[in-house]
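Letters A, B, ... mirror the listed sequences (proteins, then strands); counts begin at 1. Fair warning: this is a prediction, and the values are worked out from it, not measured in the lab. Scope of the values below: all heavy atoms of this structure, side chains included, with no hydrogens, waters or symmetry mates.
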Amino acid sequence: MSYLLKRVAFYVFTAWAAITLNFFIPRVMPGDPVQSLITRSRGQMTGDAVQSLYVLFGLDPNESLLSQYVKYWGQLFRGDLGLSFTFFPSQVGEVIGQALPWTMALVGITTVIGFLIGTTLGTLAGWRRGSWIDALIPVTTFLSSIPYFWLGLIAIALLTGPDSFFPAGNGYDTGLTPAWDWEFIGSAVQHSLLPAITILISSMAGWILSMRNMMVTVASEDYVTVAHAKGLPERRVMVGYAARNALLPNVSGFALSLGFIVGGTLLVEIVFSYPGLGFLLFQGVGTKDYPLLQGIFLIITLSVLLANFVADLAYMLLDPRTRREG
Amino acid sequence: MSDAVLEVKNLDVDYGLGSEAVHAVRDVNLVLHRGEVLGLAGESGSGKSTLAYGLTRLLPPPGVIAGGEVIYHAENGDTADIMRMTDEELREFRWAETAIVFQGAMNSLNPVHKISTQMTDVIRAHDPDSTPRSRLDRAKEMLALVGISADRLEAYPHQLSGGMRQRVMIGMALALDPRLVIMDEPTTALDVVIQRQILGQLIELRERLGFSVLFITHDLSLLVEFSDRIAIMYGGRIVEEAPAADIYRDSLHPYSDGLLHSFPALRGPRRELTGIPGSPPDLRAMPTGCAFHPRCPKAFDPCATTLPVLGIPESHTGQQRTVACWLHPIH
């Protein structure tokens with residue numbers, strides 16, 4: 001239990017450090033969000049308007065850094081991430097809130113499915129070395145070395161077109177209004193198929209390869225031989241003795257990849273103009289939307305931390321050796 | 001001591017296939033009788049562990065059984081060739097009839113499962129109708145048998161010492177009342193004190209439960225004390241087999257003699273340790289004739305050219321012993 005508390009304390013500290021960095025980085029970066037906003041309005045702003053913009057963004061030059069910092073925390077606790085430039089006058093929180101479900105659904109589901117299928121195939125390939133599944137390994141290795149976005153571009157070039165079932169972009173049919181009805185959900189699923197397959201193909205291969213290699217290593221462990229000698233059913237030996245132990249390194253990899261779900265697979269979302277967080281990040285960079293970028297980075301940082309924490313918990317649950325006594 | 005439990009007939013085990021194959025076990029014949037402790041001794045690489053893995057068909061690839069039979073005599077008088085069993089027959093045979101205690105006391109238990117899980121899953125695999133309650137009771141009983149308290153059932157392997165782990169393995173080996181227990185250097189990873197404790201316990205258990213033991217070790221002096229008969233292996237072949245006392249007092253093969261003088265005796269007068277000069281033969285390039293002749297202090301003409309056959313020596317006609325050495329012509 002004290003081990004768990006120590007981990008929690010560690011993560012709280014890391015989160016504090018990350019948020020603090022997130023506060024300072026825009027302030028020490030060259031360039032100034034207000035200046036870029038002034039440029040966008042082509043200088044047609046009064047001095048008062050400029051000053052109020054500085055105050056609005058928490059960059060009031062008359063205020064000390066410390067009091068800005070305190071205010072920043074106050075805003076964070078209220079869930080206020082400031083105003084977005086690009087989608088002015090929308091709140092950053094609101095903008096992110098709209099993009100997040102898309103990314104969570106697309107990347108989240110594909111990450112989980114990719115992990116499950118990849119691990120299962122890797123288990124079989126490692127267990128029956130030399131079988132046809134094992135012969136797939138070079139193919140999947142080849143696929144995993146292809147970048148997501150390139151696979152996406154190929155998919156768009158080959159599979160989409162005016163008459164194709166697969167749409168080339170967007171998250172749903174632009175003629176529809178988002179709602180929880182079958183038409184909209186069907187359209188959303190149809191639009192997500194190609195990006196999902198793209199992500200699946202290239203992410204699954206990594207899981208297959210690492211699981212297969214761990215299986216080969218674990219299969220030669222003494223306790224697996226003992227399990228055979230005990231006359232346990234083949235399945236029980238494969239799952240309960242070999243795969244159970246081979247899974248451990250993959251679990252931490254999986255938890256980490258959960259953290260990156262939120263960041264989205266930036267390039268895939270760009271290629272498919274998918275309305276997720278990655279695409280939003282891309283737009284934010286293009287328009288120097290500092291509050292939006294800050295907000296997205298904050299979300300990504302926190303989700304990576306959360307995923308790490310989950311990985312720690314999962315490891316404690318799965319590997320008794322990491323549990324400390326007392 | 002007459003009825004056989006396990007008969008090994010002309011067993012050959014290779015590593016690899018075709019002309020590249022390394023012959024790790026050659027033409028081995030052994031008979032293990034009911035309730036007997038048969039010791040199998042030899043240096044590293046003599047093929048003793050390969051023999052143990054081979055006769056239970058647990059050889060990891062590229063090991064293959066190149067020939068021979070291993071006949072198991074079941075309690076009801078049926079006989080079965082282990083080498084010809086189907087996968088399912090083999091699965092049922094394993095542990096229920098022949099349990100194995102392996103060399104690596106440290107790694108024989110899966111680190112992520114509790115002791116209770118690992119002890120009960122084997123009972124469940126062989127007796128699917130048993131209740132969880134009865135399996136747990138049996139596991140407790142087995143732990144008590146090897147002197148480990150029942151609360152250790154909830155422990156994970158890393159919470160036990162090496163000696164405790166090996167005792168758990170012995171308890172697990174006996175869980176299904178096997179008629180034969182193969183011990184592959186069960187105590188080499190343990191210190192001498194624990195080693196003797198465990199062996200003492202094992203012998204006591206054998207007297208109570210009446211199983212046979214095939215005990216594999218390189219420590220001949222240990223065998224002399226604990227086993228009924230001893231077989232000595234060299235270069236994949238058995239070179240001498242005799243009652244333990246005969247090996248100790250009157251070993252015929254120069255290799256047995258060398259082995260015997262490589263270890264201090266646990267009891268009895270002090271002797272000078274001499275060891276055996278040279279190193280075990282390379283299995284890929286075995287010497288012609290008797291494999292031991294390049295290292296043998298007593299080698300003479302026929303040794304380098306002709307392989308001696310294992311048989312009862314003329315000088316000991318009528319005794320229960322065999323040797324493969326030109327010094328002791330067989331009749």
Side-chain angles (χ1 to χ4, degrees), chain A residues 3 119 123 125-131 134-135 211-212 214-252 254 311-326, chain B residues 49 52-53 56-62 85 87-115 117-128 154-159 165 168-169 172-173 175-176 178 181-182 184 189:
Chain A
Y3 171 70
T119 305
T123 302
W127 191 245
R128 297 189 224 286
R129 258 197 291 170
S131 70
D134 205 19
M211 190 62 187
R212 186 250 176 208
M214 274 313 290
M215 277 299 279
V216 170
T217 311
V218 172
S220 61
E221 290 280 353
D222 286 345
Y223 51 78
V224 175
T225 312
V226 172
H228 279 299
K230 278 158 83 174
L232 301 181
E234 176 95 2
R235 261 182 78 90
R236 165 85 182 140
V237 182
M238 180 177 86
V239 177
Y241 282 75
R244 173 69 172 72
N245 294 54
L247 192 65
L248 294 174
N250 252 20
V251 163
S252 39
F254 175 61
D312 271 0
L313 288 183
Y315 227 98
M316 271 175 69
L317 216 64
L318 289 175
D319 191 346
R321 286 166 295 183
T322 52
R323 282 174 229 161
R324 311 274 171 88
E325 261 133 291
Chain B
S49 291
Y53 284 100
T56 46
R57 281 175 57 187
L58 277 171
L59 276 175
M85 283 182 181
D87 285 353
E88 185 53 26
E89 281 169 355
L90 188 66
R91 189 190 76 67
E92 279 172 16
F93 168 79
R94 284 175 175 168
W95 220 260
E97 310 287 342
T98 302
I100 310 180
V101 178
F102 290 93
Q103 221 169 85
M106 291 305 182
N107 305 319
S108 287
L109 289 162
N110 188 338
V112 304
H113 292 308
K114 285 178 184 170
I115 302 298
T117 315
Q118 302 192 49
M119 290 198 76
T120 50
D121 67 355
V122 62
I123 304 175
R124 186 170 166 195
H126 291 277
D127 183 10
E154 289 308 296
Y156 287 95
H158 71 275
Q159 293 165 321
R165 280 186 233 181
V168 168
M169 285 312 293
M172 198 188 293
L176 299 176
V181 179
I182 297 174
D184 183 12

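Here the straight-line distance linking atom CG of A:Asn245 with atom CG of B:Asn110 works out to 4.0 Å at 0.5 Å rounding. Here A:Thr225 contributes atom OG1 and B:Gln103 contributes atom CD; the two are 11.5 Å apart, rounded to the nearest 0.5 Å.
When heavy atoms are compared at a cutoff of 4.5 Å, A:Leu318 approaches chain B solely by way of its backbone atoms N, CA, C and O. For B:Gln118, the parts lying under 4.5 angstrom from a heavy atom of chain A are both the backbone and the side chain. The contact between A:Arg236 and chain B is made entirely by side chain atoms (from C-beta outward), counting heavy-atom distances below 4.5 Å. For B:Pro111, the parts lying near chain A are the backbone and the side chain together; criterion is any non-hydrogen pair under 4.5 Å. Of the two parts of B:Tyr53, only the side chain, counted from C-beta on, holds a non-hydrogen atom closer than 4.5 Å to a non-hydrogen atom of chain A.
For the pair B:Trp95 and A:Ala229, the tightest heavy-atom approach, listed with the atom from each and the gap, is CE3-O, 3.2 Å.
Taking B:Val122, B:Val101, B:Asp87 one by one and counting their heavy-atom pairs under 4.5 Å with chain A, the maximum is reached by B:Val122. Note: A:Gly231 leads A:Gly231, A:Pro233, A:Ala219 in heavy-atom pairs under 4.5 Å with chain B.
In this view, A:Glu234 satisfies the salt bridge (Lys or Arg N to Asp or Glu O under 4.0 Å) rule with no residue, not counting sequence neighbours. Under the salt bridge (Lys or Arg N to Asp or Glu O under 4.0 Å) criterion, A:Arg128 pairs with no residue, sequence neighbours left out.
When side chains are defined from C-beta on, A:Arg321 counts as touching B:Val112, because their heavy atoms get closer than 4.5 Å.
Panel note: side chain B:His126, backbone A:Lys230; a donor-acceptor pair is recorded below 3.5 Å.
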